[in-house]
Amino acid sequence: PPPNRWPLEKNEYRRYGRQLIVPVIGLQGQLLLKGASVLIVGVGGLGCPAAAYLVGAGVGTVGLVDGDTVEESNLHRQILHSTSRVGMTKVESAMVALHSLNPNVKLIPHHGRLSPETAISTVQSYDLVLDCTDTPASRYLISDTCVLLGKPLVSSSALRIDGQLMVLNNPPLPPGNTAGGPCYRCVFPKPPPPDSVLTCGDGGILGPVVGVMGVLQALEAIKVLTRFTGASTNGAASSDSPSLLIFSAYSNPMFRAMRLRARKPKCAACSAQATVTLEALSSGSLDYVQFCGTVAPVDAL
Amino acid sequence: PPPNRWPLEKNEYRRYGRQLIVPVIGLQGQLLLKGASVLIVGVGGLGCPAAAYLVGAGVGTVGLVDGDTVEESNLHRQILHSTSRVGMTKVESAMVALHSLNPNVKLIPHHGRLSPETAISTVQSYDLVLDCTDTPASRYLISDTCVLLGKPLVSSSALRIDGQLMVLNNPPLPPGNTAGGPCYRCVFPKPPPPDSVLTCGDGGILGPVVGVMGVLQALEAIKVLTRFTGASTNGAASSDSPSLLIFSAYSNPMFRAMRLRARKPKCAACSAQATVTLEALSSGSLDYVQFCGTVAPVDAL
Amino acid sequence: MAASKEDDTISITVEFSGGLEMLFSNERKLPLSIPAKDDTGARTNVAYLVNYLCENAMKDPKKELFVLDGTVRPGILVLINDADWELEGEEKYEVQEGDNILFVSTLHGG
Amino acid sequence: MAASKEDDTISITVEFSGGLEMLFSNERKLPLSIPAKDDTGARTNVAYLVNYLCENAMKDPKKELFVLDGTVRPGILVLINDADWELEGEEKYEVQEGDNILFVSTLHGG
Ligand SMILES: [Zn+2]
Ligand SMILES: [Zn+2]
């Protein structure tokens, strides 16, 4: 685009002023956010706060994927929804709240769960993906799709009083390029046995625990999307090395950062020997539910 | 109250079910939350997410203190407010959002900034206070009030890409009792010179940074309010020793926990030699704005 | 810093997160003294430690929630001194005095 | 673990947070070699370090934003190896090889 003396609208300077003057963002960062599109898969305990802060920050386009409807038992932690919207789809309910927070953001609804049939076409047009889902099967599917399409992935999860956060496939280089960031399969090559997931099923979740993780997903997304601004001069590079943030609400310290491995030389998705391909994925020959065993979504929380 | 086979209403079991089954909460913890009252001072970048998660969790009574009205420049981070409520008082705007999230919670509005004249009467009836304000003067006023009235205080602050969190006056023992937790004056006996606060004035703030800190305030409040349940058997005691959580969004690790001192033997507020008394405070003889110098609230962010 | 008190044991800290603590009597942090060498005289490695935990520290009878096919089950990440064990040699890493070894179960809730 | 490379200097890490890094060329983390003893032959303590930072590391001319009346200005917390310096003896704490000393400015935004 040609250089413009006032590249933002007047009301955007007003709305984003407090964020524009943060050196790591600046006008350049705000323009990067405005030009960016983020897909949020799952509009529950993680997706609600993540969406609120990304839409608040002025990410140009935000897509929302979910197949569920709002239930009363969601409301203690899924703060975009409301009592009067119980029964509405989560995607519609979230859009009401997000539009009233910031009407400048283009919201794109994707009703229904992500499936191998829909994953490629859904993720394709976005710049970055947030995994806010709740089953092993969806986590492998989303990671594979992001590797194949070259999208960075901010993945988080939470249960009871614990949370975990990773920025995967960052940088999102093609499979086989060892300089790319590790994917979900690099860290967890095999899915957990369904029995072991079952123990989590009845675990429950403390609202602010999943809330903190969702807000941190929004933060990591903003860091990745604006990384070509002042951020990189400010010691940000070091935080780019892959890491796992572990949160435990009743431990001291509550947060611990762990160094993760690089891409796995024999990773099924991101290595030169990858068996997960665009063809295999879109043809439906990869059965994620089978791969992960038969834990019903509701049991896996 | 007499023992009751079903101490919660049927809809409360449904609404809080996922949190009830977390061992550190349980039915006993949920009842403690229902019976508790929390005062949130400041309904801005910290107060919005803190209020959302406390109201979501079913704290029985939540009071909101703020003297400002909603501005468009707030919305990138103050996610309870909305574009259509620009111009409304922050207290009213937050009440609309919180009531629609959870109508079971009693919300109490306190319009206007907390002042030495209003502090005692405002704080008196609450069990716990969240400091979500934005000036040195208000931080000293709130801490002094909490010490004098014996209320635990969850204090947080954020600027640009940094955040800080402390649980103060915990346990909230009377001044002079060295087993009580340190207060804000123990940690910061003298206010910063106004000039040094000025450098922060133009700093701006990244939304998810202040968002994370606000959600963590809600979490710490829940931990304090439910501490007599299973929590204490689960290694929670160790996290009770006073600490300062330091957050820096672009550092690696992002979070660091620091051990804080015990109560200061000569603290002006919480020691046996305290000069801050109920009489001095309510008579207006303690001039917090004078004490902290003349930085206008807007300059101090 | 100091040499271990006795040459035949090493003191380490083992931690559990993500729900694994439930298999170990809800202990999230376990100070441990383990033999410095295994039965064959080889220095103790992580594979030995995993087996040792299974036999000596795990109260839950459902061993398969921790170990499967002789190694840590899929979905558990092992972190040695705050780094993925892959960076340290995985099961063959020889445990050192003072090491912190964290077992994290991957979470799936959201 | 090892003794310092030269007996007359000690290597430490100084960190800044909460905006103080702006006074130090935006460096949040500063590896530093400082004299092990001051001019009088006494072992280097935190008071000496603060003065040393002011004279050798601080680029901003507004020294009063870091030091006031000969000590760290009000509103700055000093943390020695992750603990409030009050727990360690404040200014009189003698700096040890490998110490991490963090200066945090209190924040007021909300
Ligand atoms: Zn991979
Ligand atoms: Zn005090």
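Here is the naming used below: chain letters follow the sequence lines, and residue numbers restart at 1 for every chain. Not measured: the values here are computed from a predicted model.
Here the shortest heavy-atom pairing between A:Leu75 and B:Leu101 reads O-CD1, 3.6 Å. For the residue pair A:Arg160 and B:Pro23, the shortest heavy atom distance occurs at CD-CD, 3.9 Å. A pairwise comparison of heavy atoms in A:Tyr53 and B:Pro208 identifies CD2-N, 3.8 Å as the closest pair. Heavy-atom minimum distance, B:Gln19 versus A:Leu206: CG-CD1, 4.2 Å. Contact between B:Leu219 and A:Met254 at its shortest, heavy atoms only, is CD2-SD, 4.2 Å. Of all the heavy atoms in B:Ile205 and A:Val22, the pair that sits closest is N-CG2, 3.4 Å.
Partners of A:Thr69 under the side chain to side chain donor-acceptor pair (under 3.5 Å) rule, at least two apart in sequence or in another chain, do not exist in this structure. The ring-ring contact (aromatic ring centres under 6.0 Å, His included) search around B:Phe247 returns B:Phe255, not counting sequence neighbours.
Summarising the geometry, atom CD belonging to B:Glu72 is positioned 9.5 Å from atom CD belonging to A:Glu12; distances are rounded to the nearest 0.5 Å. Once rounded to the nearest 0.5 Å, the distance linking CZ of B:Arg18 with CD of A:Glu71 reads 8.0 Å. How far CZ of B:Arg77 is from OH of A:Tyr16: 13.5 Å, rounded to the nearest 0.5 Å.
Between chain A and the options B:Ala50, B:Gly17, B:Pro103, the largest number of non-hydrogen pairs under 4.5 Å is found for B:Pro103. Interface summary for chain A: among B:Leu54, B:Asn11, B:Val55, B:Ile222, the most heavy-atom pairs under 4.5 angstrom belong to B:Asn11. Interface summary for chain A: among B:Ala218, B:Gly214, B:Ser82, B:Ala257, the most heavy-atom pairs under 4.5 angstrom belong to B:Ser82.
A donor and an acceptor atom, one from each side chain of A:Ser100 and B:Arg85, are nowhere located under 3.5 Å apart.
Here the side chain of B:Ser73 pairs no donor or acceptor atom with the backbone of A:Arg15 at under 3.5 angstrom.
Heavy atoms of B:Met213 lying under 4.5 Å from chain A are absent altogether. Using a 4.5 Å cut-off between heavy atoms, B:Asn74 does not touch chain A at all. Of the atoms belonging to B:Leu245, it is side-chain heavy atoms, and not backbone ones, that fall under 4.5 Å from chain A.
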Please evaluate residues B:Ile79 and A:Ile79 with respect to the criterion side chain to side chain contact (heavy atoms under 4.5 Å, CB included), reporting the C-alpha separation (whole Å), side-chain torsions for both, the decisive distance (0.1 Å), and the verdict.
CA-CA 10 Å; B:Ile79 56 161; A:Ile79 55 161; 3.9 Å; yes
